[in-house]
Amino acid sequence: MTIAAKLSLCHAPVTRRSLTPIKPLRPSSFSSSTLQWKLIKPNLTLKSHNFRVSASSSMKIEATESSSRTSFLDRRESGFLHFVKYHGLGNDFILVDNRDSSEPKVSPEHAVKLCDRNFGIGADGVIFAMPGINGTDYAMRIFNSDGSEPEMCGNGVRCFARFIAELESLHGNHSFTIHTGAGLIVPEIQDDGKVKVDMGEPVLKASEVPTRLPANKDQSVVKSELDVDGVPWLVTCVSMGNPHCVTFGTKGGQNFQVDALKLAEIGPKFEHHAMFPARTNTEFVEIISPSHLKMRVWERGAGATLACGTWCLCRGGCSSS
Ligand SMILES: N[C@@H](CCC[C@H](N)C(=O)O)C(=O)O
């Protein structure tokens, strides 16, 4: 789903972090579709210390026709930063057209405020479509809702690809190159509008995830014990450019049910565990059947979210190990 609106804010200088060199990635993919919506008649202004959000007080929302989708993005009132809201499976993002600058138009501190679900727009993160680096067509940067900057975001990159198609009026099958903190990503927009992304192979080497848990299989951490408040969880550590800790439950535990989990309590204990020097995303997984898993995620820097794209690839890493 896409919601378009506008906001004005004082542009604070943002310190750019250097991105890692582009690494070629090998193929693996996932895809999904998005719906298009447009927020109309902005007439409510929320003021805070240093930014302002305009939105519709009546929240009249109408579906846009694919033929007239560019109208909102064409309106460029000065002093306002335009954004569009997209989601991938409920993992939602504020997308900002940053193609004219290599500095994000929103600082990490502002991103925190914009992502606030009560006092801001509400999102899991803010994504910037930026000029390409090292010969790529575009660069993607993202701030989590806590203002931290992840290397990569699977659902985010799919939203990014649809956003670029919207901005550049691309129709039909298209592919382009995106520089991310996790290397080169090449999404393919298919004829039906779905986005297919080559996200590379999961990395299991402990030092590269990174995790301080001792490797127990081919330099990897596979079904190892992680002590969380005295409870031994069995975890497998994987990187998809960003760190993930996947668990199917505790040692000796039976019938792990993710719905019974107090996610907001246990999630931060994994995220900030001393064994994860770069913090971690954690996926709690219940096996429903050999072909059906149920997963709840606690994302680094964003907390409980409805979905996680990079996890989909971790799943492959965990099952193959
Ligand atoms: N939701 C994402 C992951 C976003 C980044 C994550 N919060 C992190 O800090 O690594 C996805 O779809 O992959």
Side-chain angles (χ1 to χ4, degrees), residues 1 17 19-20 25 28-34 85-96 104 108 111-112 114-117 122-128 139-163 178 180-183 185 187 194-203 208-211 235 237-246 263-264 267-268 270-273 275-285 293 295-318:
M1 178 165 76
R17 289 193 206 166
L19 295 172
T20 53
L25 301 173
S28 50
S29 63
F30 69 107
S31 65
S32 171
S33 60
T34 57
K85 183 93 187 286
Y86 279 65
H87 79 85
L89 298 171
N91 198 189
D92 60 343
F93 307 98
I94 297 161
L95 284 108
V96 175
V112 172
L114 297 180
C115 289
D116 188 294
R117 295 203 181 272
D124 294 329
V126 181
I127 293 176
F128 305 91
M140 177 178 99
R141 287 183 68 185
I142 169 169
F143 293 149
N144 283 320
S145 56
D146 75 348
S148 61
E149 181 169 6
E151 305 80 351
M152 175 52 192
C153 176
N155 283 320
V157 86
R158 293 191 302 127
C159 293
F160 183 102
R162 284 290 294 263
F163 185 46
I178 305 172
T180 74
I185 297 288
K194 287 183 179 172
V195 181
K196 192 173 164 188
V197 184
D198 173 347
M199 299 247 292
E201 298 282 339
V203 172
E208 289 179 17
V209 172
T211 177
V235 302
C237 300
V238 189
S239 169
M240 280 308 306
N242 57 351
H244 292 261
C245 164
V246 182
L263 194 58
F270 279 77
E271 178 181 358
H272 300 282
H273 200 287
M275 289 298 122
F276 302 114
R279 299 195 278 157
T280 191
N281 298 286
T282 306
E283 286 83 19
F284 299 90
V285 190
L293 303 177
M295 183 278 285
R296 288 180 77 194
V297 61
W298 183 265
E299 271 190 40
R300 178 182 65 167
T305 63
L306 294 186
C308 183
T310 38
W311 135 258
C312 296
L313 286 306
C314 291
R315 204 175 45 185
C318 292

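Remember, it's 1-based here, ligands and their atoms both numbered in the order they're listed. When a residue number appears, it is its place in the shown sequence, counting from 1.
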Would [X] count as a contact residue for ligand 1, given that I'm defining contact as a non-hydrogen atom of the residue lying under 4.0 Å from a ligand atom?
| X | result |
| --- | --- |
| Asn144 | yes |
| Met152 | yes |
| Gly301 | no |

I'd like to know if the side chain of [X] reaches the main chain of [Y], judged simply by a donor and an acceptor atom lying under 3.5 Å from each other, with no hydrogens or angles considered.
| X | Y | result |
| --- | --- | --- |
| Asp92 | Asp124 | yes |
| Thr180 | Ala182 | yes |
| Ser145 | Asp116 | no |
| Lys85 | Gly122 | yes |
| Thr211 | Met275 | yes |
| Asn242 | His244 | no |
| Asn281 | Arg300 | yes |

For this session: Consider every N or O of Pro243 and every N or O of ligand 1, then say whether any pair is closer than 3.5 Å.
Result: no
Phe93, any N or O under 3.5 Å of ligand 1 N or O:
no
Nearest-neighbour protein heavy atom for [atom], which is reported as residue plus atom name and distance:
| atom | result |
| --- | --- |
| atom 12 (O) of ligand 1 | Gly309 N, 2.6 Å |
| atom 6 (C) of ligand 1 | Asn281 OD1, 3.3 Å |
| atom 3 (C) of ligand 1 | Glu299 OE1, 3.6 Å |
| atom 13 (O) of ligand 1 | Thr310 OG1, 2.6 Å |

Which atoms of ligand 1 have any heavy atom of [X] under 4.0 Å away?
| X | answer |
| --- | --- |
| Gly154 | 11 (C), 12 (O), 13 (O) |
| Asn155 | 11 (C), 12 (O) |
| Cys153 | 1 (N), 2 (C), 3 (C), 4 (C), 11 (C), 12 (O), 13 (O) |

Practice problem: Would you kindly say whether Ser148 and Arg279 are connected by a side-chain donor-acceptor distance under 3.5 Å? | Solution: yes
- Does the side chain of Phe160 come within less than 4.5 Å of Ile178's, by heavy atoms?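 With C-beta onward as the side chain, the pair touches.
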With heavy atoms and a 4.0 Å threshold, my read on which part of Asn91 contacts ligand 1 is side chain
